[in-house]
Amino acid sequence: MRASTSDQAHSADLLTRLNAQIQDHDAKVGPSFLMRDLAGPGLQDVWRYEILPLLAEHHYGEGVGLKARHGLKTLRRRATPSVADGAEGALVDD
């Protein structure tokens with residue numbers, strides 16, 4: 001089963017939300033993590049086993065609650081950042 005265009009847009013939006021929270025430009029998460037079939041549990045698996053461990057490495061020793069700050073549930077609850085808010089790569093509604 002392949003991810004639909006709306007699923008891909010949703011995944012890209014989540015990545016935009018994540019990167020809007022990351023101050024260090026070099027620590028932002030690139031789109032290559034999402035350039036695969038994310039149908040079913042794919043997105044959750046990528047987030048749990050690839051993105052969160054990458055962020056854990058970046059925040060090592062800082063005591064950051066990664067799931068609370070960067071988890072999928074948290075990001076889905078937050079409003080989409082806008083270009084006006086200074087979110088790099090934010091999506092703009094037409």
Side-chain angles (χ1 to χ4, degrees):
M1 180 200 299
R2 297 203 46 98
S4 69
T5 302
S6 65
D7 290 341
Q8 292 169 340
H10 176 69
S11 298
D13 181 52
L14 290 170
L15 188 65
T16 299
R17 292 178 196 196
L18 173 67
N19 282 328
Q21 297 177 30
I22 300 172
Q23 300 298 317
D24 181 358
H25 179 75
D26 292 331
K28 292 186 185 276
V29 178
S32 62
F33 287 98
L34 305 180
M35 298 177 85
R36 61 184 87 181
D37 185 6
L38 297 173
L43 180 61
Q44 291 86 355
D45 287 348
V46 166
W47 220 270
R48 180 181 298 129
Y49 299 116
E50 296 181 44
I51 293 175
L52 286 178
L54 177 71
L55 294 172
E57 209 172 291
H58 177 71
H59 291 292
Y60 181 77
E62 295 177 11
V64 172
L66 289 176
K67 280 189 177 181
R69 183 186 288 183
H70 302 306
L72 278 177
K73 288 181 184 179
T74 301
L75 293 172
R76 286 179 172 144
R77 285 191 299 257
R78 292 204 173 121
T80 304
S82 69
V83 173
D85 295 331
E88 184 177 315
L91 303 175
V92 178
D93 292 333
D94 294 332

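Heavy atoms only: backbone and side chains are in, while hydrogens, waters and symmetry mates are out. Quantities reported herein were computed from a predicted structural model and do not represent experimental measurements.
- Minimum interatomic distance between Arg76 and Arg17 (heavy atoms only, all atoms of both residues): O-NH1, 3.3 Å.
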I would like to know whether Trp47 and Leu18 meet side chain to side chain contact (heavy atoms under 4.5 Å, CB included); could you show each step before the answer? CA-CA 11 Å; Trp47 220 270; Leu18 173 67; 3.8 Å; yes

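- Distance check, rounded to the nearest 0.5 Å: CG of Asp45 to CZ of Arg36 gives 10.0 Å.
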Applying side chain to side chain contact (heavy atoms under 4.5 Å, CB included) to Leu55 and Glu57, what does each step give before you reach the verdict? CA-CA 5 Å; Leu55 294 172; Glu57 209 172 291; over 6 Å; no

Begin with the C-alpha distance, continue with both residues' side-chain angles, and end with the deciding distance and a verdict on side chain to side chain contact (heavy atoms under 4.5 Å, CB included) for Leu38 and Gln44. CA-CA 8 Å; Leu38 297 173; Gln44 291 86 355; over 6 Å; no

Identify each donor-acceptor pair in which a side-chain atom of residues 62-74 lies under 3.5 Å from a protein atom, sequence neighbours left out, and give them as a table.
residue	atom	partner	partner atom	Å
Glu62	OE1	His59	ND1	2.9
His70	ND1	Gln21	OE1	3.1
Thr74	OG1	Lys67	O	3.2
Thr74	OG1	Ala68	O	3.1

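- Across every non-hydrogen atom of Leu34 and Ser11, the tightest pair is CD1-O, 3.4 Å.
- Residues Pro53 and Arg48 approach most closely at CD-O, 3.3 Å, considering heavy atoms.
- Remark: Asp24 does not engage Lys28 in a salt bridge, criterion side-chain N to carboxylate O under 4.0 Å.
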Going through the checks in order, is the side chain to side chain contact (heavy atoms under 4.5 Å, CB included) test met by Leu15 and Leu75? CA-CA 9 Å; Leu15 188 65; Leu75 293 172; over 6 Å; no

